[in-house]
Engineer: 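Mind looking over this structure? Questions follow.
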Amino acid sequence: MSDLFVNFLSNTGYFLADYRHVIMIVVGCIFVYLAVAKKYEPLLLIPIGFGIIVGNIPFFKGFGLGIYENNSVFHYLYFGVKTGLYPSIVFLGLGSMTDFSSLLARPKLMLLGAAAQMGIFFTLLGALALGFLPKEAASIAIIGGADGPTSIFLTAKLAPHLIGPIAIAAYSYMALIPVIQPPIMRLFTTRKERLIRMPDPREVSKKELLIFPIVATLLCCLLAPTALPLLGMLFFGNFLKVSGGVERLAQTARTSIIDTATILLGFTVGMSTQADVFLNGRSLGIFFLGAVAFSIATASGIIFAKIMNLFIKEKINPLLGASGVSAVPGSAREVHLMGQHEDPTNFLLMHAMACNSSGVIGSAIAAGVLWSFMMV
Amino acid sequence: MSDLFVNFLSNTGYFLADYRHVIMIVVGCIFVYLAVAKKYEPLLLIPIGFGIIVGNIPFFKGFGLGIYENNSVFHYLYFGVKTGLYPSIVFLGLGSMTDFSSLLARPKLMLLGAAAQMGIFFTLLGALALGFLPKEAASIAIIGGADGPTSIFLTAKLAPHLIGPIAIAAYSYMALIPVIQPPIMRLFTTRKERLIRMPDPREVSKKELLIFPIVATLLCCLLAPTALPLLGMLFFGNFLKVSGGVERLAQTARTSIIDTATILLGFTVGMSTQADVFLNGRSLGIFFLGAVAFSIATASGIIFAKIMNLFIKEKINPLLGASGVSAVPGSAREVHLMGQHEDPTNFLLMHAMACNSSGVIGSAIAAGVLWSFMMV
Amino acid sequence: MSDLFVNFLSNTGYFLADYRHVIMIVVGCIFVYLAVAKKYEPLLLIPIGFGIIVGNIPFFKGFGLGIYENNSVFHYLYFGVKTGLYPSIVFLGLGSMTDFSSLLARPKLMLLGAAAQMGIFFTLLGALALGFLPKEAASIAIIGGADGPTSIFLTAKLAPHLIGPIAIAAYSYMALIPVIQPPIMRLFTTRKERLIRMPDPREVSKKELLIFPIVATLLCCLLAPTALPLLGMLFFGNFLKVSGGVERLAQTARTSIIDTATILLGFTVGMSTQADVFLNGRSLGIFFLGAVAFSIATASGIIFAKIMNLFIKEKINPLLGASGVSAVPGSAREVHLMGQHEDPTNFLLMHAMACNSSGVIGSAIAAGVLWSFMMV
Amino acid sequence: MYGLEAINAQNGWSMALVGITIVFTGLVALSFAISQLKKLIELWENRDKLTGKNGMVNENVGTEGIELPDHWPEDIHEAAGLYEPLFKKLGDSFPLADLYKLSEENNYPHPHLTIKRLRDAQILIPVGDGNFTRNQ
Amino acid sequence: MYGLEAINAQNGWSMALVGITIVFTGLVALSFAISQLKKLIELWENRDKLTGKNGMVNENVGTEGIELPDHWPEDIHEAAGLYEPLFKKLGDSFPLADLYKLSEENNYPHPHLTIKRLRDAQILIPVGDGNFTRNQ
Amino acid sequence: MYGLEAINAQNGWSMALVGITIVFTGLVALSFAISQLKKLIELWENRDKLTGKNGMVNENVGTEGIELPDHWPEDIHEAAGLYEPLFKKLGDSFPLADLYKLSEENNYPHPHLTIKRLRDAQILIPVGDGNFTRNQ
Ligand code: NA
Ligand code: NA
Ligand code: NA
């Protein structure tokens, strides 16, 4: 009997835990705290944070219990991450929620969504310089797109062993947008620039809304077919929304479907940060590069907007450049708030959302491009 | 660098596309147009049409990107088609939406649902005569049942390489019911027949509604156990609906569950029409046979109703025979509209729905029968 | 032609059925009858009962039709049972519905949820004594936890060939709680004890509700990491509920997600009772032991409450001990009703729910413990 | 192979004929079964009546068909009026549990709450042996 | 390998430059396409007008723009008033099917029901040849 | 093997005893932890008060507890009345951003819109240095 007891005790988490598990559990609690107390992206941070806690309860390997063990429940739930299924499904839901009308009203703003993707390619160079292998470097670089599902998708395809740290870095910085972006926004803009008002967007006809997802699928995916699993789903979801005749499908896509994917994606990505595979120098490097990527992305968008202003009559508020990263709707909100801080009567939100949604498209194309570079 | 660029360009869809992709993308746009502008079965045609567009963006094979490549996201989503899972789940949802009370009130109408299945067996002969192998012929024949999920289910079991064309044919003709059926209905009926009124169905007790799905499961599935994955689910869903005590389950089955299956089924079936596997003489043959199947099915139902009228006192409006095909609720609506066209005060809808739902049962039995013939 | 006909007939269920199928179909009908007419746990008994009926339609093996045949639709739906996925998902949903505040207000009641688990370990001895192998005995013992998903989860891990009978026994007795528990409750309590009133629970702060699922995850799962797939999900679901910021996720978890899992779990568990693998002496033994397990569990809870009363000032109504089994909310309701039978003004429901939910936690720990014993 | 030759070779005629026969068999059987269903159910319900097994129905005699208002009166004395049929049925003195059970059976809303208020308002008073009576 | 050396070895500069170029190409193309979309749609709609293909629009002349009340009147004679524009358009006598079709096209609620009631109320009366007329 | 022999052979007694012990350990520990939780939370909250870290609370002094009506008045002068506590707190002149921030903190509905209307209505007027004042 004492054998059985000792044996059981030696399999408890209390016995198996070391300092690394404690660190990670504290990290999980911080995520959850930020989400609940500071309201930083709770839809992302709560599932991830709780997942980190659950995933770092140490256990005896061999039972078929952990996320990396075959035949475990968590392994099956993680399948949607490893294959890229959850990101695609999230994009379906995202499409069925996104209103592209402000983008259609001012297509010029789409360029800001392209400019912000420079963060991705600068980070690619940085990651290579730090000694990461090309596929790893590409996966790290995509953090600069500020898009969680896109980052997970590309990493699942190129460097599945890095899903944990890359996803955590991407989501952390997305949650920290209100901390990271404002100083950069202030650094690169003058007060006068921040006060620029944008004219109200024109009315967009139903036909434009209907044709857009089809044209966008064709133009973007013919250019980068590797973006299909993300953009094909995004624009399909959007077509469900705008077509009107299948509102029940769009409704399900934007509730049950995306919620289920969000819960399982976040939770299992959190769980994938098992201390023994997560806590190492590489993860540290990834976090460092992620911060660089976000900052460059923000700056690129702003600077590009200022360059555009040299050539066009109707000036663009360069703050909008910062919402070219695809953290929806976090960065759009940040831009809007800074605009209102300077002038409470200036509404930038709709315009920022236009940049934001082109950022989503832009980073998905970038992911496709990086994927095909690595397959050459 | 120019190497990389050239390499990338040679992997773009623009470079890889040929006329076949253009044809298929145009077909996809037509589907979507019919669904949106003409309101032909948008719940089916929008997912399929958009799927055709997405599935015909050409891409370099070997990335794990296409629906027919292992480990791609679309491959996993297509799994539910290939295994027959989506059709079964659609039947679960369908059951939880279907009200069998008008059928219970006039069980005689069930014979029309049987008669319309003659289209299936005539088409079987036709397909054999055109040189299709038996399993292919059986899969093609089931198009005559006018039931999308049933067609996909049987084809997945017997001739998985034909899922694309058979599903597209089945769904196209289901959407074209308002074009195909009326001339046939007019051809085989006199005005006097079309004016026949049906007495209001009697009240059906809750006990009858409760016992029906159990009795129907037993009678139909003991006869054709191969129909279990369809009829077992259909009647299970219906029992959830009528039992009253599990309304929350029935509610989820008729919203989230069936919507999710509908989205994924339609989209991936659309994607499965990749030009290189779809555009060939065989598909053409299938479309031709599908049209024949639908027409014979419609005619058989009508003629059988007229034969029944020779023997029974209370005459049946022979238009109802046309709704014995299981295109729910398309063909029932068509019958109703034609009835009202002749006499705006004649309500055939409830009676047509009874035929329609027996058509669903009938074609599922027919699918089971064909499946077991091929396994002998 | 007559060959084909004879062949088909010899594959019909009418031909293949024997008395065992009839028995099982009658059992299925009884389940369904109890659920509809007597309202005994319809959410469980309707899917299971209908599943039993569908699963016992006999069919020719080799078509890929049955739940135990590879590549059949039912096989894929059963996957969630065999791997333990459905139970985990049910626990996620359960967590997002459970209000732990009455438990937080009176943590002492948690001991009753522990005491009722004695039924599990007594039954373990009984099953060993009846000659079951250790892994089988452990799976049978967990029936005493009165928790369907937990029983299925453990059996899937330890003795998958017994999932059918164990699940059926567990769910049957959970449904029969109103029959099994009251006599035992009356036997072990005096009228005076049954009249004991519990003071109203104190208000619980939002912070307590927020911290509880994290602390509970850590304390329970560090002790028994094997309980993670159940308790990790339960407390994650609960955190979604209490955190407030992700109400849309909690809402989806407590509707679409748990409903879908409930439908598929119940239906496929029912189907798994195929007469040829189900009807044998072993199943009989399991049913006998299950009844014993339930009775001991009920009695243990009550007796432990009486023992506690010897040591504490504020007496506990010992009926509450009976709700330490985790049949939520069946046993809590039974306790409440008996309390009200003695004194219509005595409200025990909230207190009983506290015991009930600690019973859920307790039996999940017990499952984890048994699992790890068997892996030593 | 094409045409009639192919049909013959693949046993096509048999399949078509047997196939449609089976479909008809299935639906005719089902059609017949459900046409009998109504009669069987009526027979079953009448059986109960004829053999006098309707004990449960008898039990409620005198209280069945009580019509409760849509809105339960706030005033406890009004509410007590709605309880009169139950008091009558239970006789002079009765345990509270019986009253509770009866009011549940007749779908009275919140029986425990109302019974508590009836006691508080002295409309129900104890008669000493654990039973209660309606205070006239 | 680290630093510039690693970047050069892995073809990093090319990848970064080509990469951002492609992203810009994609979004610039899309941006251009949607900026032209509005014009194309307008052109398309004007084409219809110019080539006179707007038969469907003509068909409804005289009934288009009928404003129906939010609540359909209970009284059948009031309802008949709302049908007057349709009677006018259909002329002296007409088959019921045409009236039905027209009322559907103009979004009259429950046309079949209303038409039935119009007949019952003798507001519509048969003229003998299968057609009906408005009873003045 | 059956009976006690089987139990002994399979180490049954140990499993049962150790098993129930562990279940109790777990729930007792959890029960103890949550019984302390309330105290710990109170301690934590008091710590904040004792060490004077409650800057945020002070910041709102004078405006906390402003009761806003359920329906925001349409009339801008009425609305201005509801802004008086904020003007008071901000002093004679202030940047609009501060007013915006403060009204957000106090859950004023649509602050930017209202502030714009206050300017339009000349209730807020610029004092020249980029700041504004309440037009008395
Ligand atoms: Na992005
Ligand atoms: Na059919
Ligand atoms: Na339990």
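Any value given below was found using the heavy atoms of this structure, including those in side chains, with hydrogens, waters and symmetry copies removed. Within every chain, numbering begins at 1; the chains are lettered A, B, ... in the order of the sequence lines, protein sequences first and strands thereafter.
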Engineer: I'd like to know whether the aromatic ring centres of F/Tyr2 and C/Phe132 sit less than 6.0 Å apart in this structure.
Structural biologist: no

Engineer: Side chains of F/Lys38 and C/Lys207, heavy atoms from C-beta outward: is any pair under 4.5 Å?
Structural biologist: no

Engineer: Select one option (side chain, backbone, both, neither) describing which atoms of C/Phe304 are under 4.5 Å from chain F's heavy atoms.
Structural biologist: side chain

Engineer: Counting only heavy atoms closer than 4.5 Å, note whether C/Leu125 contacts chain F via side chain, backbone, both or neither.
Structural biologist: both

Engineer: For chain C, find which of F/Ala9, F/Ala16, F/Ala6 contributes the most heavy-atom pairs closer than 4.5 angstrom.
Structural biologist: F/Ala16

Engineer: When only pairs under 4.5 Å are counted, which of C/Ser205, C/Ser358, C/Ala115 shares the most heavy-atom pairs with chain F?
Structural biologist: C/Ala115

Engineer: Less than 4.5 Å apart, side chain to side chain, heavy atoms only: is that true for F/Leu30 and C/Phe212?
Structural biologist: yes

Engineer: Looking only at heavy atoms, which two atoms of F/Ser31 and C/Pro107 are closest? And how far apart?
Structural biologist: OG-O, 3.2 Å

Engineer: Just wondering, do C/Met110 and F/Phe32 contact through their side chains at under 4.5 Å, heavy atoms?
Structural biologist: no

Engineer: For the residue pair C/Phe373 and F/Asn11, establish whether any side-chain heavy-atom pair is separated by less than 4.5 Å.
Structural biologist: no

Engineer: Would you check if C/Leu124 and F/Met15 make a side-chain contact, meaning some heavy-atom pair closer than 4.5 Å?
Structural biologist: yes

Engineer: Using heavy-atom distances under 4.5 Å, tell me whether F/Ile41 contacts chain C through its side chain, its backbone, both, or neither.
Structural biologist: side chain

Engineer: For the interface with chain F, which of C/Leu103, C/Leu219, C/Leu133 has the highest count of heavy-atom pairs at distances below 4.5 Å?
Structural biologist: C/Leu219

Engineer: Using 0.5 Å steps for rounding, measure from the CG atom of C/Leu128 to the CH2 atom of F/Trp13.
Structural biologist: 10.0 Å

Engineer: Find out whether F/Leu17 and C/Phe121 are in side-chain contact, i.e. whether some heavy atom of one side chain is under 4.5 Å from a heavy atom of the other.
Structural biologist: no

Engineer: Between C/Ala129, C/Gly126, C/Ala141, who has the most heavy-atom pairs with chain F when the cutoff is under 4.5 Å?
Structural biologist: C/Ala129

Engineer: What do you reckon, is CZ of C/Phe287 surrounded by more than 12 foreign heavy atoms closer than 6.0 Å?
Structural biologist: yes

Engineer: Side chains of C/Gln117 and F/Leu27, heavy atoms from C-beta outward: is any pair under 4.5 Å?
Structural biologist: no

Engineer: Just verifying a value: how many Å separate F/Ile34 CD1 and C/Ile211 CD1, rounded to the nearest 0.5 Å?
Structural biologist: 12.0 Å

